[in-house]
Every structure is written in C-alpha cells, then in structure tokens.
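For reference, the structure is listed below as structure tokens.
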Amino acid sequence: MIYVTSDIHGYPLPEFQKLLAKAGFGRTDELYVIGDVIDRNGDGGVAMLRWMMTQENVHFLRGNHEQFLLSCDFLFEEITEDGIRLLNPYRMELYRNWVRNGAKPTIHNLRQLIRENREEFDDLMDYIREAPLYDILKVNGKVYLLVHAGLGNYSSDREIDEYTDDELVWTRPELIDTY
C-alpha cells in the first residue's frame, strides 16, 4: 500500500506512529511525506525528520517550510566577522518571514541538536537539502505527480524538471487550475 501525507508541521512523532499503526502501515508499504514536516508545533518536526531519515520505506519531499529553513541556514553557523557582515537586510527578512510562519520550535530544537550532536545535525541538514521537490509514482497503471504545492507558471510544453524550486513549493493552485 502507498500512503501520502503532507503538512505535518511538528506533529508529535509518537502520535504520528500511532496513526500509521492504526492505518496498518508496515514494512512492505511506502509512505510519501510531501513537505512541511517542520515548524509550528511540538519540537518543530525535528524528531519526525530524524525518524524519517532511518526509514527505508518513508520518502520525504521538500516543502516551502523546509525551503524557509534552508534559506536561513546561516542561523546555525558559527558566528564570525564574515558571517556578521553577511547579515544583510535580505537575510534578516528571510528570517522574519520564517519566524512569522512558525519557525521558533524548529530553530530551538535544531540548536539543541547542534549542542548534543553536531554530526547528526549536519546529516539532518543534508537530508533536507538532498530531498527531492517532486516524485512520480505509477500505481495501478496511473501516473501521479507528487509535489508540495503546485506547478507555478504551468505549461504543458514544460517538463517537470524545468520548474524552479519556488514554482514547486510556493505555488498555490486554484480549484479551477487544470494541469
């Protein structure tokens, strides 16, 4: 069986695992989590991502909240004079936007992870950076495109790999949009 979910936003891992068990999710099943694991609630999704990294049958696609994190990765670097010089208004606006969208629990728990295990933090950031923005599934003869948001500036003449990161994670399709 294939399961798909998105926008977990810091939902507690033990509760999520209970839901998976209730749905009958097992080792032979596949779970696709199509973005926004982090921010807003609980530990900000840090435990969920750490768990997902260890699961061979769980597939993570990046969403706009993970994009927020990657655009603010400077928050987790060592403070140096060069780093301070790079704290320009643009970076500060990225940070403010992320905080307005629920970043505080994620930032707090990532900083805690850095203190406890820098290597695991680095592995987690690599996991997020390397996560694809889309996946294509073939199920029962049908083809499904999994993407967090939509296809910005859609054209039937464009291949999926021609879309930008922003077009895949920030587009908010309308109910009348046809792809």
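Values in this document were obtained by computation on a predicted structure and should not be read as measured data.
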Checklist line | Glu30 side, atom CD; Asp135 side, atom CG - distance, nearest 0.5 Å | finding: 10.0 Å

Margin query: Any heavy-atom pair between the side chains of Leu151 and Thr171 that's under 4.5 Å?
Written below: no

Note to self: Distance check, rounded to the nearest 0.5 Å: Phe76 atom CZ versus Arg118 atom CZ?
What the structure shows: 9.5 Å

Next item on the list: Say whether, by atom type as modelled, one donor and one acceptor occur between the side chain of Asp29 and the main chain of Met1 under 3.5 angstrom.
Entry: yes

Note to self: Tell me the closest heavy-atom pair linking Asn101 and Arg40, and the distance in Å.
What the structure shows: O-NE, 3.6 Å

Next item on the list: Any chance you could lay out the side-chain contact (heavy atoms from CB on, under 4.5 Å) test for Leu31 and Gln55, step after step, and finish with the verdict?
Entry: CA-CA 10 Å; Leu31 171 64; Gln55 306 303 304; over 6 Å; no

Note to self: For residues Tyr127 and Trp51: do they belong to one hydrophobic cluster (side chain heavy atoms under 4.5 Å, members Ile, Leu, Val, Met, Phe, Trp, Tyr)?
What the structure shows: yes

Check: Is the side chain of Arg62 donor-acceptor paired with the backbone N or O of Ala131 at a distance under 3.5 Å, no angle test?
Finding: yes

Next item on the list: Evaluate whether atom CD of Glu81 has more than 12 neighbouring non-hydrogen atoms of other residues, nucleotides or ligands under 6.0 angstrom away.
Entry: no

Check: How far does CG of Leu49 sit from CG of Leu124, to the nearest 0.5 angstrom?
Finding: 5.5 Å

Margin query: With side chain to side chain donor-acceptor pair (under 3.5 Å) as the criterion, how do His148 and Asn64 come out once you've worked through the C-alpha distance, each side chain's angles and the decisive distance to 0.1 Å?
Written below: CA-CA 8 Å; His148 178 69; Asn64 60 307; 2.9 Å; yes

Note to self: Go through it in stages, so that I can follow the logic: the residues are Phe60 and Val37, the test is side-chain contact (heavy atoms from CB on, under 4.5 Å), and I'd like the CA-CA distance, side-chain angles, deciding distance and then a yes or no.
What the structure shows: CA-CA 9 Å; Phe60 170 55; Val37 172; 3.7 Å; yes

Margin query: As an exercise, state the distance from SG of Cys72 to CD1 of Ile107, rounded to the nearest 0.5 Å.
Written below: 7.0 Å

Margin query: Taking the side chain as everything from C-beta on, heavy atoms only, tell me whether Leu69 gets closer than 4.5 Å to Met125.
Written below: yes

Notebook entry, point to check: Quick one: does Glu66's side chain have a donor or acceptor within less than 3.5 Å of a partner on Gly35's backbone?
Noted result: no

Check: Is there a donor-acceptor pair under 3.5 Å between the side chain of Asp36 and the backbone N or O of His9?
Finding: no

Next item on the list: Looking only at non-hydrogen atoms, find the nearest pair between Val169 and Arg172 and report the distance.
Entry: O-NH1, 3.9 Å

Notebook entry, point to check: Looking at side-chain heavy atoms only, is the closest gap between Tyr163 and Tyr134 below 4.5 Å?
Noted result: no

Notebook entry, point to check: Above 12 or not: heavy atoms from other molecules or residues under 6.0 Å from CD1 of Ile136?
Noted result: yes

Checklist line | Leu19 side chain reached by Tyr11 side chain, heavy atoms, under 4.5 Å | finding: yes

Note to self: For the CZ atom on Arg100, are there more than 12 heavy atoms of other groups (residues, nucleotides or ligands in this structure) within a distance under 6.0 Å?
What the structure shows: yes

Note to self: Donor-acceptor check, side chain of Glu93 to backbone of Tyr90, threshold 3.5 angstrom: yes or no?
What the structure shows: no

Item checked: Shortest non-hydrogen contact between Gly42 and Pro105, atoms and distance -> O-CB, 3.5 Å

Notebook entry, point to check: If we only count heavy atoms from C-beta on, is the Leu61 to Val147 side-chain gap below 4.5 Å?
Noted result: no

Notebook entry, point to check: Hey, is CD on Glu15 packed in by over 12 heavy atoms from elsewhere, all under 6.0 Å?
Noted result: yes

Check: Would a 4.5 Å heavy-atom cut-off, applied to side chains only, mark Leu168 and Ile160 as touching?
Finding: yes

Item checked: Flag side-chain contact, heavy atom, 4.5 Å: Thr5 against Phe16 -> yes

Margin query: Is it the case that the side chain of Tyr3 and the backbone of Ala23 share a donor-acceptor pair, with hydrogens and angles ignored and the cut-off at 3.5 Å?
Written below: yes

Item checked: Full working for side-chain contact (heavy atoms from CB on, under 4.5 Å) between Tyr179 and Leu145 -> CA-CA 11 Å; Tyr179 295 119; Leu145 172 65; over 6 Å; no

Notebook entry, point to check: Transitively linked via ILVMFWY side-chain contacts under 4.5 Å: Ile114 with Leu70?
Noted result: yes

Margin query: Quick check for you: to the nearest 0.5 Å, what is the distance between Asn41 atom CG and Met48 atom CE?
Written below: 10.5 Å

Note to self: Can you tell me how far apart CG (Leu137) and NZ (Lys142) are? Round to the nearest 0.5 Å.
What the structure shows: 13.5 Å

Next item on the list: Spell out, as yes or no, whether a donor-acceptor pair under 3.5 Å connects the side chain of Asp43 to the backbone of Asn109.
Entry: no

Next item on the list: Give the cluster check for Leu94 versus Val99: same hydrophobic cluster or not, with ILVMFWY residues linked at side-chain heavy-atom distances below 4.5 Å.
Entry: no

Check: So, does Asn88 use its side chain to make a donor-acceptor pair with the main chain of Arg91 at under 3.5 Å?
Finding: yes

Next item on the list: Indicate the atoms forming the closest heavy-atom contact of Asn57 with Gly26, along with that distance.
Entry: ND2-O, 3.1 Å

Next item on the list: Taking atom OH of Tyr154 as the centre, report whether more than 12 heavy atoms of other residues, nucleotides or ligands fall under 6.0 Å from it.
Entry: yes

Notebook entry, point to check: Do other residues, nucleotides or ligands put more than 12 heavy atoms under 6.0 Å from Glu116 CD?
Noted result: yes

Margin query: Using a 3.5 Å distance criterion without hydrogens, assess whether the side chain of Arg158 forms a donor-acceptor pair with backbone atoms of Glu162.
Written below: yes

Checklist line | Tyr95 with Leu87, same ILVMFWY side-chain cluster at under 4.5 Å | finding: yes

Notebook entry, point to check: Under 4.5 Å between any side-chain heavy atoms of Phe68 and Thr106, yes or no?
Noted result: no

Checklist line | Side-chain donor or acceptor of Ser6 paired with backbone N/O of Ile34 under 3.5 Å | finding: no

Checklist line | Single-linkage hydrophobic cluster Val58~Val4, side-chain heavy atoms < 4.5 angstrom | finding: no

